[in-house]
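A note on names: the letters A, B, ... follow the listed sequences, proteins ahead of strands, and every chain is numbered from 1.
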Amino acid sequence: MTSIWKALREAGRNKSFLVGLAIMASLIAAALLADWISPYTYDEMVIVEALRPPSGQHWLGTDHLGRDSFSRLIHGSRIALKVGAIAVTIQTVVGVLLGLLAGYYGGWQDRVIIFLTDVIWALPPIVLAIAICTLLGPSLTNVIIAIAAVSWAQFTRIVRSKTQALKNMPYVEAARAMGESDLSIILRYILPNVIPVIIVLATLALPVAVVNTTALGFLGLGAQPPLPDWGVILSESMTYIRRAPWISIFPGLAIIYVVLGFNLLGEGLRDALDPRLKV
Amino acid sequence: MNDLTAYAIRRIFQSVFIVLAVTILLFAIMHMMPGDPIQLIDSPRLDEATTAKLRARWGLDKPPVVQYLYWLLNVLKGDLGRSITNGQSVSVLLAARLPATLHITLTALLLQYLVAVPLGLMAGYHQGSVFDRLAVSVTSVLRAIPYFWLGILLIIVFAVSFRLLPVSGYRGFQSLILPVLTLTLPALADTLRLTRSEVLEVLREKHVTTAVAKGLRPQMVLLRHVLRNALVPVTVMFFLSVPWLIGGSVIVETIFAWPGTGRLLWKAISAQDYPVVQGIILLITLLTVISTTIGDILTGLLDPRIRAELGGRVA
C-alpha cells in the first residue's frame with residue numbers, strides 16, 4: 001500500500017491531476033452544501049416568473065414553472081454524484097470479484113465469466129441500460145442497477161488479465177507452496193497489486209455513469225420530475241428551446257464540468273499508478 | 001487450414017452462441033413481464049373457456065422452453081411477432097424504419113473517418129506543432145460533451161438562433177446535417193486521437209528510424225511505413241465503434257424526431273409495446289455482434305503480431 005501513497009504524491013505534482021482534484025472537490029462541496037448554496041429550493045414554483053432569462057435575481061434564469069435554474073442545477077449535482085458513486089461502487093465490486101475469480105482459477109469459471117462479458121458487450125451500453133430500465137420501470141434505483149449492469153465487464157476483463165499475469169509470479173508460487181489458501185493468496189498478494197488499476201478504472205467510470213444517468217433521465221427512464229436531474233431538466237427544456245434556450249445550456253455545461261474533471265483526475269492517476277494501462 | 005481461418009471460424013461460432021444467449025435472455029425477460037398478451041385483452045365477453053382456448057391457440061399453455069423454441073423458429077423465419085399497439089408486423093415496422101437509421105449512422109461513420117484520419121495523421125506526424133496542439137485541445141473538449149446535449153446545442157445555434165437548418169424531421173439533405181453532426185463530432189474526436197497516438201507509436205519504432213536513416217523521402221516513410229501500420233487499429237476501430245454509433249442514434253433520433261429504429265424504440269418503450277422493443281433489441285444485437293466479429297477477424301488478418309499470438313508462428 002505504501003507504493004500507492006508514493007504514486008499519489010507523484011500524481012500531486014501532475015497539473016491535470018490537481019485540476020481534476022479541484023473540480024471534484026468543488027462538485028462534492030456543491031452536492032453537500034446544496035441547501036445552503038442555492039438561493040431557492042429546487043421545486044419552488046413562481047408561475048408569474050416563468051421562463052425569465054438570467055438576471056441578478058435568478059442567476060441562470062427560471063424554467064417553465066418559474067423555478068430557479070441555478071438552484072435546480074446545484075441540487076442536480078447531488079443526484080449525479082450519488083447515482084454515479086453508487087453505480088460505480090457496485091460495478092467495481094462485481095467486476096473485480098468476477099475478474100479475480102476468472103483470472104485466478106481459469107478453467108470453466110473463466111470461460112463462463114468471459115462468455116458473460118461477451119453477452120453484455122453484444123449490445124451498445126446505452127441500449128442495454130434502456131432495456132433494463134424499461135423492464136424495471138423508471139426510478140433512480142433502477143438507473144443505478146442498469147448502469148452497474150452494463151459497465152462491470154470492463155473491470156472484469158482488465159482485472160482478469162492482471163490476475164493471470166500475477167498468479168505465476170514467484171512470490172505467489174512460493175506462498176502456494178507454503179500451503180496458503182487461495183483466498184489468502186488472492187487477498188494478500190493479488191488484490192493489492194490490482195488496486196491501482198481499479199482506482200484508475202473507477203475514476204474514469206464515474207463520468208460515464210453520470211452521462212448515462214442524465215441520458216436515461218433525458219429519455220424519461222430515470223429520475224422523474226420534479227427531481228432536478230440534469231437529464232430531466234434538459235428534456236423539459238426542449239419544449240421551450242425557442243423561447244428560453246438558456247435552460248438547455250447550463251445542465252450540459254454542468255455535465256461537461258463533471259466529465260472533464262474526472263477524466264483529468266483519472267488520467268493523472270493513470271500516469272502515476274499504471275502508465276501502460278490503455279483505457 | 002491455416003491458423004487465421006481456424007480463428008475466424010472459432011470467432012464466428014462464438015458470435016452465434018452470443019446471439020443465442022441474447023435471444024434466451026430477451027425471451028426470459030418477455031416471459032417475466034407481468035401478464036401475458038391474453039390478459040391484456042380486457043374484455044367483459046372473455047370467459048375462462050375462451051381464455052384457455054386462446055392460450056392453447058397461441059401456444060401459451062406450453063412449457064417456457066417449448067415456447068422459446070417456437071419463438072426462435074419464428075424469428076429465424078423473419079417473424080418477430082406483432083406490435084401490441086397497432087397490430088402491425090414487427091419485421092415490417094423494422095424494415096420500414098431501418099433505412100432512415102442506416103442513412104444517418106453510415107453518413108456519420110463515413111464523415112468521421114474521412115475527416116478524422118487525415119487530421120490525426122497530420123497531428124501525429126507534426127507532434128507539438130500549433131496544429132497538433134489545437135487538435136488535441138479541441139478533441140478533449142469534444143470528448144467531454146455528452147452527445148445528446150451536443151444535439152440540443154446544435155439546434156439552439158443553427159436552428160433557433162440563425163434559422164439556417166430545420167429543427168427536426170426527415171426532409172431532404174438539410175435535415176440530415178444536425179443529426180449527423182451530433183453523431184459524428186464526439187466519435188470523430190475519438191478517431192482523431194486514436195490515429196494520432198498510433199502514428200506517434202509507429203514513429204518511435206525501429207523500422208521507421210531505419211527507413212529515415214536509409215534516406216527515404218519523408219512522404220515515402222509516411223506512406224509505406226507509418227500509414228500502413230498506424231491504420232490497423234483505426235480500421236479495426238471502424239467496426240468496433242458501430243455499437244456506440246447505434247447507441248447514440250437512439251438518442252439522436254429522439255432529439256431530432258428522426259423516423260428511424262431508435263425513435264421507434266423510444267416510442268415503443270413509452271407505449272410498453274414489448275414485441276417491438278424485443279425486435280429492435282434483437283436487430284441491434286445482430287448488427288453489433290456482426291460488426292465486432294468482423295473487427296476481431298480483421299485484427300488477426302492485418303496485424304502480424306496478433307496473428308503470431310493465434311498460432312504461435314508468423315503466417
**Study point:** Approximate separation, where rounding is to 0.5 Å, of Ser270(B) OG and Leu219(A) CG
**Key:**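 Rounded to the nearest 0.5 Å, the OG-CG separation comes to 8.5 Å.
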Point to revise | Rounded distance (nearest 0.5 Å) linking atom CH2 of Trp266(B) with atom CG of Leu221(A) | key: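 If we round to the nearest 0.5 Å, Trp266(B):CH2 and Leu221(A):CG are 9.5 Å apart.
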Heavy-atom cut-off 4.5 Å, strictly under: side chain, backbone, both or neither for [X] against chain A?
{"X": "Thr254(B)", "result": "side chain"}
{"X": "Leu153(B)", "result": "side chain"}
{"X": "Val250(B)", "result": "side chain"}
{"X": "Ile255(B)", "result": "both"}
{"X": "Phe17(B)", "result": "both"}

Check your understanding: Just wondering, do Val211(A) and Phe148(B) contact through their side chains at under 4.5 Å, heavy atoms?
Key ->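 Yes, close enough: below the 4.5 Å cut-off.
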Looking at every non-hydrogen atom in both residues, tell me the closest pair between [X] and [Y] and how far apart they are.
{"X": "Ala21(B)", "Y": "Val119(A)", "result": "CB-CG2, 3.7 Å"}
{"X": "Met238(A)", "Y": "Ile155(B)", "result": "CE-CD1, 4.4 Å"}
{"X": "Val22(B)", "Y": "Ala122(A)", "result": "CG2-CB, 4.1 Å"}

Using a cut-off of under 4.5 Å on heavy-atom pairs, state which of [options] scores highest against chain A.
{"options": "Val289(B), Ile280(B), Ile156(B)", "answer": "Ile156(B)"}
{"options": "Pro146(B), Ala159(B), Gly262(B)", "answer": "Pro146(B)"}
{"options": "Thr292(B), Leu26(B), Ile284(B), Val19(B)", "answer": "Ile284(B)"}
{"options": "Val141(B), Ile251(B), Leu287(B)", "answer": "Ile251(B)"}

What part of [X] is in contact with chain B, defined as an atom under 4.5 angstrom from a non-hydrogen atom: side chain, backbone, both or neither?
{"X": "Ser237(A)", "answer": "neither"}
{"X": "Trp121(A)", "answer": "backbone"}
{"X": "Pro207(A)", "answer": "neither"}

Check your understanding: Run the side-chain contact (heavy atoms from CB on, under 4.5 Å) check on Phe115(A) and Ile18(B) step by step: do they pass?
Key -> CA-CA 8 Å; Phe115(A) 186 69; Ile18(B) 291 170; 3.9 Å; yes
Check your understanding: Between Ile241(A), Val210(A), Leu128(A), which residue shows the highest count of heavy-atom pairs closer than 4.5 Å to chain B?
Key ->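 Result: the option with the highest number of such pairs is Ile241(A).
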Review point. Which of residues 244-251 of chain A get closer than 4.5 angstrom to chain B, counting heavy atoms alone?
Key: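 The list, in residue order, reads Pro245(A), Ser248(A), Ile249(A).
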Exercise for review: Residue by residue, scan residues 252-267 of chain A and write down, ordered by number, those that have a heavy-atom distance under 4.5 Å to chain B; if none do, write 'none'.
Suggested key: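 Near chain B, by residue number: Gly252(A), Leu253(A), Ile255(A), Ile256(A), Val259(A), Leu260(A).
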